[in-house]
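Have a look at the structure below, then the notes.
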Amino acid sequence: MKHLADDRRQSAKQDEEGRAARLLAWLSAMALLFLLGIGAKSWFSGHGNHAVVLWCFAVLVALNILAFLKTRDPSQHKVGLLIVVSALFVYLFASGGENNTGPLWFYVFPPLLFYLTGLRVGTLMLLVCLLFATLVFQFPQLPFVTAEYSADFKVRFFATICFEAMFCFLLEYSRRKARNELLAQAMSHEQAARTDELTGLANRREMQQRLQLEYNRYQRSGHHFSVALIDLDWFKRINDDYGHDAGDAVLRQFAELLAQMVRQTDLAARWGGEEFLLLLPDTSLLQALTLSERLRQKVADNHFQFRGETLPVSISAGVSSITQSDSINHLLKQVDVQLYNAKAAGRNRIAPRVKSRLAPAIPGA
Ligand SMILES: Nc1nc2c(ncn2[C@@H]2O[C@H](COP(=O)(O)OP(=O)(O)OP(=O)(O)O)[C@@H](O)[C@H]2O)c(=O)[nH]1
């Protein structure tokens with residue numbers, strides 16, 4: 001059942017990536033519109049050079065969008081957008097934009113960075129940006145710097161941007177923490193809904209779903225499978241003679257044994273009471289009978305213990321393959337009939353009995 005948790009984690013990660021990809025697409029479109037619009041405004045208010053630079057950035061954003069539409073690679077899209085936006089901020093800082101208001105656009109960066117790149121990379125990128133801003137503020141005579149900011153502006157800019165960055169960091173940290181906790185809770189509820197509480201094996205609901213999936217696979221591509229319905233013999237006597245807790249202990253010990261014996265691709269479930277169902281993908285009837293017989297032998301040889309006492313436990317099982325059935329219901333009816341036959345033939349045995357190499361291994365065969 002571990003692979004189910006991994007699947008769940010994987011699908012949550014994909015959901016989050018899908019959300020980030022949609023946000024990126026939306027941000028790219030907005031960036032394009034803003035750059036075109038503010039470029040036009042600058043053009044008409046006499047800042048021709050600034051307008052042309054903004055339009056160049058708009059072209060870069062558009063090229064990044066086109067590249068994404070071609071490759072459909074969201075991480076490439078993200079890196080492309082972050083590079084263009086970082087370059088835009090460098091330009092806005094160094095040139096001051098219109099009337100030295102360029103750095104004000106930097107306030108949109110911290111929340112975006114933390115959401116898109118995570119806390120560590122986001123913090124690192126922010127520090128690099130702030131280092132660059134310090135450079136521009138402190139050395140206005142540098143060749144690429146054309147803006148000069150007042151001392152008041154510099155102090156207020158740093159104070160507010162640091163406050164915003166810390167605030168965004170905390171918000172993103174809380175968001176991620178809450179998301180991880182929710183995910184863990186959802187996974188544990190999902191796990192509980194699929195698991196039998198007493199034995200830790202899959203429950204009947206989970207088995208029914210897997211049976212349906214396996215049956216669909218069989219119909220689609222002919223991958224056959226077998227099932228074995230296993231029942232603990234005279235289980236009522238164990239409860240009556242040793243108590244209900246002893247019965248529970250036997251069920252748990254048997255479940256452990258069962259889980260050890262099946263492959264990762266097989267599924268063992270508690271079907272109800274003292275009945276267990278084994279789903280064995282890509283397994284023929286003969287292979288399923290061999291496995292069931294090995295299990296029967298193992299149970300017969302095992303010392304089931306409860307409070308220092310050894311309890312007498314044996315199992316009977318009915319086995320059938322999907323190749324002999326025309327539906328899941330029919331298959332389940334068949335194993336039920338076979339289990340009944342095994343019980344009627346004296347218990348501690350597997351049915352059907354086969355007249356093959358396997359036969360001598362089955363008592364009563
Ligand atoms: N301890 C315990 N007993 C359970 C549990 N679920 C079902 N049982 C008991 O299992 C017993 C099943 O008894 P029967 O159906 O008569 O079957 P049996 O005694 O195993 O006899 P055969 O199946 O004919 O060999 C009942 O006494 C149920 O109360 C459980 O979770 N824990």
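Starting from 1, each residue takes its place in the sequence as its number. We count ligands from 1, going down the list as the structure has it; atoms in each ligand are counted the same way.
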Open item on the list: As an exercise, identify every atom of ligand 1 less than 4.0 angstrom from a heavy atom of D248.
Closed with: 1 (N), 2 (C), 30 (C), 31 (O), 32 (N)
- [ ] Note the single closest protein heavy atom to atom 22 (P) of ligand 1, along with its residue, its atom name and the distance in Å.
- [x] K343 NZ, 3.4 Å
TODO: Pull out every atom of ligand 1 sitting under 4.0 Å from any heavy atom of R347, numbered as shown with elements.
DONE: 22 (P), 24 (O), 25 (O)
Open item on the list: For F68, does the six-membered ring have the charged nitrogen or CZ of R72 within the cation-pi criterion, i.e. under 6.0 angstrom from the centroid and within 45° of the normal?
Closed with: yes
Task: Close side-chain approach of N302 to F254, heavy-atom, < 4.5 Å - done: no
Task: Partners passing salt bridge (Lys or Arg N to Asp or Glu O under 4.0 Å) against D326 (at least two apart in sequence or in another chain) - done: none
Open item on the list: Please check whether W234 reaches ligand 1 - meaning an N/O of the residue sits under 3.5 Å from an N/O of the ligand, judged on distance alone.
Closed with: yes
Open item on the list: Is a donor from one side chain sitting under 3.5 angstrom from an acceptor on the other, for Q287 and S284?
Closed with: yes
Open item on the list: Any nitrogen or oxygen of G247 lying under 3.5 Å from a nitrogen or oxygen in ligand 1? Just yes or no.
Closed with: no
Task: Residue selection (non-hydrogen contact nearest atom 15 (O) of ligand 1) among E274, K236, R270 - done: E274
- [ ] May I ask you to identify, for L232, whether its side chain, its backbone, both or neither come under 4.0 Å of ligand 1 on a heavy-atom basis?
- [x] backbone
- [ ] Select one of side chain, backbone, both or neither to describe which atoms of R252 lie under 4.0 Å from any atom of ligand 1, heavy atoms only.
- [x] neither
TODO: For the pair D233 and R296, find out whether any cationic side-chain nitrogen is under 4.0 Å from an anionic carboxylate oxygen.
DONE: no
TODO: Please find out if less than 6.0 Å separates the ring center of Y242 from that of F306.
DONE: no
TODO: Could you see which bit of L251 sits under 4.0 Å from ligand 1, with heavy atoms only: side chain, backbone, both or neither?
DONE: side chain
TODO: Provide the number and element of each atom of ligand 1 under 4.0 Å from a heavy atom of D231.
DONE: 23 (O)
Open item on the list: I need the Q338 CD to S316 OG distance, nearest 0.5 Å.
Closed with: 12.5 Å
Open item on the list: Given F157, which partner from the list F137, Y149, F163 fulfils the ring pair (Phe, Tyr, Trp, His ring centres under 6.0 Å) test?
Closed with: F137
Task: Nearest neighbour of atom 3 (N) of ligand 1 from the list L198, N239, D233, on a heavy-atom basis - done: N239
Task: From Y107 atom OH to T160 atom OG1, the distance as rounded to the nearest 0.5 Å - done: 2.5 Å
Open item on the list: Checking a contact table here: which protein heavy atom is nearest atom 7 (C) of ligand 1, and how many Å away?
Closed with: G273 CA, 3.5 Å
- [ ] Would you mind checking which non-hydrogen protein atom is closest to atom 10 (O) of ligand 1, with the distance to 0.1 Å?
- [x] F235 CD2, 3.1 Å
